[in-house]
Amino acid sequence: MGPWPGLNVWPGTVPLALMTLAIAVSVWQPLASLALTALLLTGQFLYVIPAMYPNHWAIYIGSFIALAFILWTAGKRTVIIAVSANAVFIVAMTFLMISWRYSYGVGWFYPLYGGDRVALQVHGWQLFSVLTLIAAGCSAVGLALALYQERGSLFHARNIAQAGLKEAEIDLIVEQERTRIGRDLHDVLAHSLAVIAAQADGTRYLSSDQPRAVLSALENIASSARGALVDAQRVIEGVRDDGMVTPQPRLSDVAPLVDRMRQGSLAIHRSESGTPVELTAGQELAVFRIVQECLTNALKHGGRGTAVRLHFDWTGPGLALHVASALAAAGSGDAGETGGTERVGRGIPGMRERAHLAGGWVTAGPDGEQFRVTAFVPYGLHAAGAGGADDREATGPEAAELEAAPLGDARPEVAVRG
């Protein structure tokens, strides 16, 4: 580059900077990279940029290095443009390096005084071939890298597809097993409950001379078995093969439920205040299941004659449901069954989950001499499981999700707002 400082007076400084920049932006902006090479060659044709000398003509190879990066990373259209442009660049480089007006053969041969025509005829094809060979070598490297990367992507995609197929196969097997278990469970429950109902009805009809209490108990057993059979079908089957959701209990079904539980010797006092407001199907299902759970556990833990107060309050911003029964009835048997340790069942968490899906909450726990359950369901809100569906569509995923919430053994626990 000559004596110090060298770089600022060296004629190859500008070509070196332009070719370095062309390589640097070849991946990010391939067209800009081609434009920088075109700028260098145009500037040399116009004598704005010094022509190539014997000690720095190889700077031109930077254009072919940039071409390799473009072939590696760019799209098909950009690749075609880059290859075509570099073919033109090679022709221009050949002329600039041989012409006596510019590089004057860059010192490869003695000066020819016959002009550019003779020099190009004698040496043009040789230099063009050398530059083309260098460009082809760089292009081969770029294409090889592109093919290697594409192969790796294909292998990665294949592995992902295989993993997805394996997961889908596992999910299918699990779903088939669940369907089989559900079908078998349904058959067992259907047979057992049907036998219970038939035996209870038969015994009642053949024992008409028995006391009224015995006949009422048999009738309650039969009706409870038939109701449990219908509920089991709803829970296990859920959605039929034709995609239609099986009918779910509504708020209007609470009255028949109360009547059936009264036949089971529960002393239920039902009251209501305010004007009833229409709820979504999912919310009505949640209210029905909460009432069902409270009455079932009052009968289970308190036995015959348990007094239950059931109140529907429609005066606030939502339906407030209050269910109260004697504390001994609600909690009897807990300590005895667990050796003095309170056992928390699934009933209260299940009620909280149903109320939460309906947009409300539930509290449950001892209140003086009573065990009280308070549920709140706001008006006009969809259940969380409905995903914002219209009220008329709430019988689908909303009701199905609420139906799936666990209900079972309700036991006293600390009152916590759900």
Side-chain angles (χ1 to χ4, degrees), residues 12-44 49 52 56-94 96-97 125 127-180 239 243 384-385 387-389 397 401:
T13 299
V14 175
L16 179 62
L18 290 176
M19 285 294 94
T20 302
L21 188 59
I23 296 173
V25 302
S26 58
V27 174
W28 174 46
Q29 291 289 339
L31 297 181
S33 175
L34 297 174
L36 289 171
T37 303
L39 177 62
L40 170 61
L41 297 176
T42 302
Q44 290 179 333
I49 300 175
M52 292 301 183
H56 65 268
W57 67 268
I59 292 176
Y60 277 148
I61 298 177
S63 175
F64 309 141
I65 297 175
L67 175 62
F69 282 108
I70 295 174
L71 294 179
W72 180 11
T73 59
K76 184 176 180 180
R77 181 179 178 182
T78 305
V79 166
I80 295 175
I81 294 175
V83 171
S84 302
N86 273 270
V88 177
F89 294 161
I90 291 174
V91 174
M93 292 174 186
T94 300
L96 287 171
M97 292 172 66
W125 68 272
L127 182 56
F128 180 84
S129 299
V130 171
L131 295 178
T132 302
L133 185 61
I134 298 174
C138 294
S139 300
V141 174
L143 291 175
L145 291 173
L147 292 175
Y148 178 79
Q149 185 174 14
E150 182 179 1
R151 182 184 179 187
S153 300
L154 291 176
F155 277 124
H156 182 64
R158 185 193 65 180
N159 293 335
I160 292 178
Q162 290 177 345
L165 288 175
K166 185 177 295 184
E167 291 179 0
E169 183 179 2
I170 294 175
D171 293 340
L172 180 60
I173 294 174
V174 171
E175 187 62 29
Q176 290 175 344
E177 186 66 15
R178 286 176 178 172
T179 303
R180 185 190 64 79
V239 181
E401 183 169 359

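Predicted, not measured: the structure shown is a model, and the values here were computed from it. Sequential numbering from 1 along the given sequence is applied to the chain's residues.
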Trainee: Considering residues at least two apart in sequence or located in another chain, which fulfil the side chain to side chain contact (heavy atoms under 4.5 Å, CB included) criterion with Val27?
Mentor: Phe69, Thr73

Trainee: For Ile90 and Phe64, what are the C-alpha separation, side-chain angles and deciding distance, and is it a side-chain contact (heavy atoms from CB on, under 4.5 Å)?
Mentor: CA-CA 10 Å; Ile90 291 174; Phe64 309 141; 3.7 Å; yes

Trainee: So Leu131 and Phe89, do their side chains get closer than 4.5 Å, heavy atoms only?
Mentor: no

Trainee: Mind jotting down which residue pairs meet the side-chain hydrogen bond (donor to acceptor under 3.5 Å, both in side chains) criterion with at least one end in residues 129-138? Sequence neighbours excluded, please.
Mentor: none

Trainee: Could you give all pairs that pass the side-chain hydrogen bond (donor to acceptor under 3.5 Å, both in side chains) test and reach residues 25-42, with sequence neighbours left out?
Mentor: none

Trainee: Listed by chain and number, what are the salt bridge (Lys or Arg N to Asp or Glu O under 4.0 Å) partners of Glu177, not counting sequence neighbours?
Mentor: Arg180

Trainee: Under the side-chain hydrogen bond (donor to acceptor under 3.5 Å, both in side chains) rule, what pairs show up with a residue in residues 79-91, not counting sequence neighbours?
Mentor: Ser63-Asn86

Trainee: Only counting residues at least two apart or in another chain, list the ones meeting side chain to side chain contact (heavy atoms under 4.5 Å, CB included) with Ser139.
Mentor: Leu67, Leu71

Trainee: With sequence neighbours excluded, what pairs up with Ile59 under the side chain to side chain contact (heavy atoms under 4.5 Å, CB included) test?
Mentor: Trp10, Pro15, Leu16, Met19, Met52, His56

Trainee: Excluding sequence neighbours, so at least two apart, what forms side chain to side chain contact (heavy atoms under 4.5 Å, CB included) with Val130?
Mentor: Ile134

Trainee: Can you find a pair of side-chain heavy atoms, one from Val88 and one from Leu41, that are under 4.5 Å apart?
Mentor: no

Trainee: How close do Ala22 and Ala66 get, counting heavy atoms only, and between which atoms?
Mentor: O-CB, 3.8 Å

Trainee: Would you compute the distance between atom CG of Leu40 and atom CG of Leu18 and round it to the nearest 0.5 angstrom?
Mentor: 5.5 Å

Trainee: Side-chain donor-acceptor pairs under 3.5 Å in residues 154-167, sequence neighbours left out?
Mentor:
from   : atom 1 : to     : atom 2 : distance (Å)
Asn159 : ND2    : Phe155 : O      : 3.2

Trainee: Sequence neighbours excluded, which residues qualify as ring pair (Phe, Tyr, Trp, His ring centres under 6.0 Å) partners of Trp72?
Mentor: none

Trainee: Can you give me every donor-acceptor pair (side chain of residues 74-81, partner residue at least two apart or in another chain, under 3.5 Å) with its distance?
Mentor:
none

